[in-house]
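Working notes for the structure below.
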Amino acid sequence: MKLSELLKNIAPTRVIGDVDVEITGVNIDSRKVEQGHMFIAMKGTVVDGHRFIAKAVEQGAKAILCEELPEDTNGCTFVQVESTEDCAGQVATTFYGNPTSKLKLVGVTGTNGKTTIATLLYNIFRKMGHKCGLLSTVCNYIEDEAIPADHTTPDPIELNRLLGRMADEGCEYAFMECSSHAIHQKRIGGLKFAGGIFTNLTRDHMDYHKTFENYRDAKKAFFDMLPKGSFAITNADDKNGMFMVQNTKATVKTYSTQRMADLKARIIECHFEGMYLDIDGREVGVQFIGKFNVSNLLAVYGAATMLGKQPEDVLLVMSTLKSVSGRLEPISSPEGWTAIVDYAHTPDALENVLNAIHEVLDGKGKIITVCGAGGNRDKGKRPLMAREAVKQSDRLVITSDNPRFEEPQDIINDMLAGLDQQQMKKTISIADRREAIRTACMMAQKGDVILIAGKGHEDYQEIKGVKHHFDDREEVRKIIADA
């Protein structure tokens, strides 16, 4: 593609060199630059890409998109813009043939529920005979092809490359999680969304956004950018639900389990195997538990119907779906206790999962919770998580999650600081996560439930910059097998 074509949707402040050069690739990582590529110098939160311009030129870059021109502008064409962050998505979507003009893209944002909703929509539409793509925390998919996910939302180049492949391979729909980081960093810039879904908003990512208001506004920016003719489905049970859509051009639909809304649902019966629900006056059995999953399913139902599917058809397929990997995933033991592995890593998510377990147990068994908190992330939520976990558990085992570059015991101490003397009496701390899980299993009696929270689908522990294989589900199954 000619550089002039690549620049058609942005407004450079200055161009030095030939705009008729042929561009064969686009990169924001200088290590991936090859002969004929354009390198986009991004001012990241950790590293400034402008430092690697010379390296990109040396590796064969034909064009550089940057905010600050280097002293030496020989060797290729330099395109100066006010913000490379604003332009990267536009350039990427142009290079990959504007993929979202060829398929219907639905974005899901909020603190909790993004993975479940995006994955269920992907599964529903595939079961209805459509070719689909998925961009999620757990894994990215182009039809059956699994592509490992490093971030909730990929960088704009990788994102458009994947969407481009989806379009080229005939996908009609794509469903993606939109993290607050990705929205704020304009990773989704240039994409056209057919619709957006808001799940809920609770404290998270304060290490990045600094204030709750900044975090909230990053989510809202997604709905502000939705075009006329798209849809916005929002959770009326969340106090920020209507705030999200107050400036959107999209058609707004609300969903609720508690109040008047366009989409309503209630639980008729609940067991560990699933629930029987009333959704908009239609009864359906689903293989999920918990009120928060009723909200998730309502959002899925709303999006599918807004995309033109008949309500009865959506509910029929919904009844066949299973929970997403690492989300309220049960493992039963021969001794009669049940372990539930869940990704819950915020106070609100812990509250939701523990409420769901209580709804099913109905006082007929004890709950033992194993949880920790991630290192080098929002420290303020650590005591809140411990408090939420101990409040709804009979025993609490605080342990290591992904300590990253922090000491596990320091993180545990931050969590313990949230507990009073009475709460400390039913709490123990074990830094070794494997030993913590084993201890909880040894405590459990027939009818009890062990919640192992925080990592869910993850199959690693990140320690001092190294990912070590570790899977909560594997650990429980080993303990059961060795018993």
Side-chain angles (χ1 to χ4, degrees), residues 104 106 108 110 112-130 132 134 136 138 173 175 194-200 231-238 241 251-330 338 340 342-343 349 352-353 355-362:
K104 291 183 178 178
V106 176
V108 188
N112 303 309
K114 296 188 297 295
T115 301
T116 294
I117 291 170
T119 304
L120 293 183
L121 281 166
Y122 163 79
N123 288 331
I124 283 176
F125 276 77
R126 289 199 72 210
K127 281 178 176 280
M128 286 182 162
H130 298 284
C132 297
L134 174 67
S136 86
V138 176
Y173 299 91
F175 304 99
I197 299 169
F198 171 70
T199 62
N200 48 62
F231 63 83
I233 297 175
T234 191
N235 186 356
D237 293 332
D238 188 283
T251 299
V252 176
K253 294 287 182 182
T254 58
Y255 65 94
S256 172
T257 62
Q258 302 170 20
R259 63 194 72 204
M260 291 297 293
D262 298 308
L263 306 159
K264 287 276 295 174
R266 65 181 178 88
I267 299 172
I268 300 171
E269 288 180 24
C270 186
H271 312 279
F272 272 127
E273 295 75 29
M275 298 179 288
Y276 205 57
L277 306 177
D278 179 305
I279 294 180
D280 275 357
R282 298 174 175 90
E283 294 185 1
V284 61
V286 296
Q287 299 174 61
F288 298 82
I289 64 169
K291 287 180 181 174
F292 68 97
N293 267 326
V294 181
S295 292
N296 290 338
L297 291 167
L298 259 181
V300 168
Y301 170 79
T305 54
M306 288 298 286
L307 287 168
K309 297 304 176 186
Q310 291 301 310
E312 295 82 1
D313 296 338
V314 176
L315 294 176
L316 181 63
V317 177
M318 194 182 286
S319 68
T320 69
L321 301 177
K322 296 185 183 298
S323 181
V324 175
S325 176
R327 268 55 173 185
L328 274 172
E329 190 171 335
T338 301
I340 290 181
D342 193 86
Y343 189 54
N352 286 337
V353 171
N355 279 340
I357 294 169
H358 277 291
E359 286 163 20
V360 179
L361 272 180
D362 198 23

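Residue indices begin at 1 and follow the sequence shown.
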Distance (rounded to the nearest 0.5 Å) between [X] [atom1] and [Y] [atom2]:
{"X": "Q310", "Y": "M128", "atom1": "CD", "atom2": "CE", "answer": "9.0 Å"}
{"X": "M275", "Y": "Q287", "atom1": "CE", "atom2": "CD", "answer": "11.0 Å"}
{"X": "D280", "Y": "L298", "atom1": "CG", "atom2": "CG", "answer": "7.0 Å"}
{"X": "T115", "Y": "Y343", "atom1": "OG1", "atom2": "OH", "answer": "7.0 Å"}
{"X": "M318", "Y": "L121", "atom1": "CE", "atom2": "CG", "answer": "8.0 Å"}
{"X": "F288", "Y": "L321", "atom1": "CZ", "atom2": "CG", "answer": "5.5 Å"}

- Quick one: list whatever passes side-chain hydrogen bond (donor to acceptor under 3.5 Å, both in side chains) with T320, sequence neighbours left out.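 By the side-chain hydrogen bond (donor to acceptor under 3.5 Å, both in side chains) rule, T320 matches no residue at all.
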
Closest non-hydrogen atom pair between [X] and [Y], with its separation:
{"X": "G113", "Y": "T199", "value": "C-CG2, 4.2 Å"}
{"X": "A265", "Y": "V294", "value": "CB-CG1, 3.6 Å"}
{"X": "K264", "Y": "A261", "value": "CG-O, 3.9 Å"}
{"X": "V284", "Y": "S319", "value": "CG2-CB, 3.9 Å"}
{"X": "E359", "Y": "G290", "value": "OE1-CA, 3.8 Å"}
{"X": "L134", "Y": "A118", "value": "CD1-O, 3.5 Å"}

Side chain proximity check, [X] to [Y], heavy atoms < 4.5 angstrom:
{"X": "T234", "Y": "Y255", "result": "no"}
{"X": "T257", "Y": "R266", "result": "no"}
{"X": "F175", "Y": "L120", "result": "no"}
{"X": "I267", "Y": "L277", "result": "yes"}
{"X": "K291", "Y": "N355", "result": "no"}
{"X": "Y301", "Y": "I279", "result": "yes"}

- Query: Does the side chain of T116 come under 3.5 Å of the side chain of N293 through a donor N or O and an acceptor N or O?
  - Reply: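 Their side chains do not contain a donor-acceptor pair, so the 3.5 Å distance test is not met.
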
Using modelled atom types and a 3.5 Å cut-off, is there a donor and acceptor pairing between side-chain atoms of [X] and backbone atoms of [Y]?
{"X": "N200", "Y": "N112", "value": "yes"}
{"X": "S323", "Y": "R327", "value": "yes"}
{"X": "N235", "Y": "F198", "value": "no"}

- Query: Should I340 and E329 be marked as a side chain to side chain contact (heavy atoms under 4.5 Å, CB included) after you check the CA-CA gap, both sets of side-chain angles, and the distance that decides it?
  - Reply: CA-CA 5 Å; I340 290 181; E329 190 171 335; over 6 Å; no

- Task: Only counting residues at least two apart or in another chain, list the ones meeting ring pair (Phe, Tyr, Trp, His ring centres under 6.0 Å) with Y122.
- Result: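 Applying ring pair (Phe, Tyr, Trp, His ring centres under 6.0 Å) to Y122 gives Y141.
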
- Item | ring pair (Phe, Tyr, Trp, His ring centres under 6.0 Å) partners of Y173, counting only residues at least two apart |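 Ring pair (Phe, Tyr, Trp, His ring centres under 6.0 Å) list for Y173, sorted by chain: F125, H130.
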
- Assess whether side chain to side chain contact (heavy atoms under 4.5 Å, CB included) is satisfied between V138 and T119, documenting all intermediate values. CA-CA 9 Å; V138 176; T119 304; 5.9 Å; no

